[in-house]
> 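After the structure tokens below, expect a handful of questions from me.
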Amino acid sequence: MELWLLNSFSTVTLTLLVVGGSVLLAIAASTLATRRFPRLVEGENNDMVGVVLSLFGAIYGIILAFVIVNLWTQFQDTQKVVATEATSISQIVRDARAFPPDAQATVDGAVRDYVHAVVEQQWPLMNAGHGDFAATSAKVDDLYTALRAYEPQTQSQQAFYAEALDSLNDAVGQRRARIFASRDELPALLQVLILGGAVVIMLLTLLYGIRSRRTRLLFVGSVAALIGFSLLLVPVLDRPFAGGVSVSPEPFKQSALAEFW
């Protein structure tokens with residue numbers, strides 16, 4: 001469901017839907033609650049509700065902050081993985097320039113096929129949360145085949161050949177990390193905790209009595225906006241290859257790889 005939402009709506013639209021919807025729902029719930037239970041506005045239970053709200057708010061805030069910081073770190077790490085893989089692949093192209101024309105053309109062709117398979121075939125799968133190794137496995141084999149088919153003759157060619165092989169091994173390792181990153185998601189129990197905590201906080205907020213209707217709605221709406229934005233931020237960062245805020249395949253089209261596009 002979250003993947004469909006991220007891929008179907010822009011970030012701005014999602015923000016308006018989630019944050020705006022949370023605020024409207026909270027305001028409607030507060031209005032209904034005070035009409036059904038008029039004595040709520042008198043604040044008879046504010047001392048108890050305030051203590052419980054502070055306690056739950058502190059615990060929930062710590063958990064939410066931990067999750068968001070962890071997801072943001074993973075998001076940045078995923079960007080580095082993609083950039084490192086693309087850099088390693090482009091380094092193969094540079095090293096192959098020391099090879100004879102035929103060998104260089106073979107390596108370039110294998111690299112071209114690989115980067116196109118990554119961007120055009122594998123990226124849409126990762127965007128849908130189904131990163132598949134098979135989408136580029138054959139292209140990886142072709143890269144190894146291209147290097148194995150060449151026998152360096154000079155000491156200089158041997159040095160560049162060794163560098164190209166090391167770069168390919170590094171790229172394959174980063175490719176594995178990238179695909180696994182597209183499959184990772186928060187454990188179901190943690191997702192339930194985050195959503196359930198938001199519901200509890202909002203219910204406690206509705207029980208806090210404030211005589212001024214405008215102040216009460218502002219209080220409830222502000223809390224709802226903060227929680228709604230946090231709930232939106234979690235899936236956005238949890239799915240690094242989906243939605244408007246996502247890891248881009250542009251590194252595979254830049255530097256030495258630009259010639260293949």
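What you see below is based on every heavy atom in this structure, not just the backbone, and it leaves out hydrogens, waters and symmetry mates.
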> Report the residues that fulfil ring pair (Phe, Tyr, Trp, His ring centres under 6.0 Å) with F56, sequence neighbours left out, ordered by chain and then residue number.
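Listed in chain order: nothing, the list is empty.
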> Who are the side chain to side chain donor-acceptor pair (under 3.5 Å) partners of N7, not counting sequence neighbours?
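Here the qualifying residues are N127.
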> Determine which pairs satisfy salt bridge (charged side-chain N to carboxylate O under 4.0 Å, His left out) with at least one residue from residues 95-113, sequence neighbours left out, and list them in order.
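For residues 95-113, and leaving out neighbouring residues, the salt bridge (charged side-chain N to carboxylate O under 4.0 Å, His left out) pairs sorted by first residue read R97-E259.
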> Could you tell me which residues satisfy ring pair (Phe, Tyr, Trp, His ring centres under 6.0 Å) with F66, sequence neighbours excluded, listed by chain and number?
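For F66 there are no ring pair (Phe, Tyr, Trp, His ring centres under 6.0 Å) partners, ignoring immediate neighbours.
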> Who pairs with S156 by side chain to side chain donor-acceptor pair (under 3.5 Å), at least two apart in sequence or on another chain?
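In terms of side chain to side chain donor-acceptor pair (under 3.5 Å), with neighbours along the sequence ignored, S156 is linked to no residue.
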> Taking only residues two or more places apart in sequence or in another chain, which ones pass side chain to side chain donor-acceptor pair (under 3.5 Å) with S222?
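S222: no side chain to side chain donor-acceptor pair (under 3.5 Å) contacts found.
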> Going by the rule ring pair (Phe, Tyr, Trp, His ring centres under 6.0 Å), which residues pair with F99 if we only count those two or more places apart in sequence or in a different chain?
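Result, ring pair (Phe, Tyr, Trp, His ring centres under 6.0 Å) vs F99: Y150.
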> Name each donor-acceptor pair under 3.5 Å that joins a side chain in residues 241-253 to protein atoms two or more places apart or in another chain, with its distance.
unit_1 : atom_1 : unit_2 : atom_2 : d
S246   : OG     : G243   : O      : 3.1
S248   : OG     : E250   : N      : 3.0

> Among residues two or more places apart or on two chains, list those pairs meeting salt bridge (charged side-chain N to carboxylate O under 4.0 Å, His left out) that have a residue in residues 169-186.
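Checked against salt bridge (charged side-chain N to carboxylate O under 4.0 Å, His left out) - neighbours excluded - the pairs reaching residues 169-186 are E85-R178, E185-R239.
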> Under the rule for side chain to side chain contact (heavy atoms under 4.5 Å, CB included), what residues qualify as partners of L16, not counting sequence neighbours?
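If we apply the side chain to side chain contact (heavy atoms under 4.5 Å, CB included) test to L16, skipping adjacent residues, the hits are V12.
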> The criterion is salt bridge (charged side-chain N to carboxylate O under 4.0 Å, His left out); which residues satisfy it with R213, sequence neighbours excluded?
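Here no residue qualifies.
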> Check ring pair (Phe, Tyr, Trp, His ring centres under 6.0 Å) between F75 and all other residues, then give those that pass, not counting sequence neighbours.
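W72.
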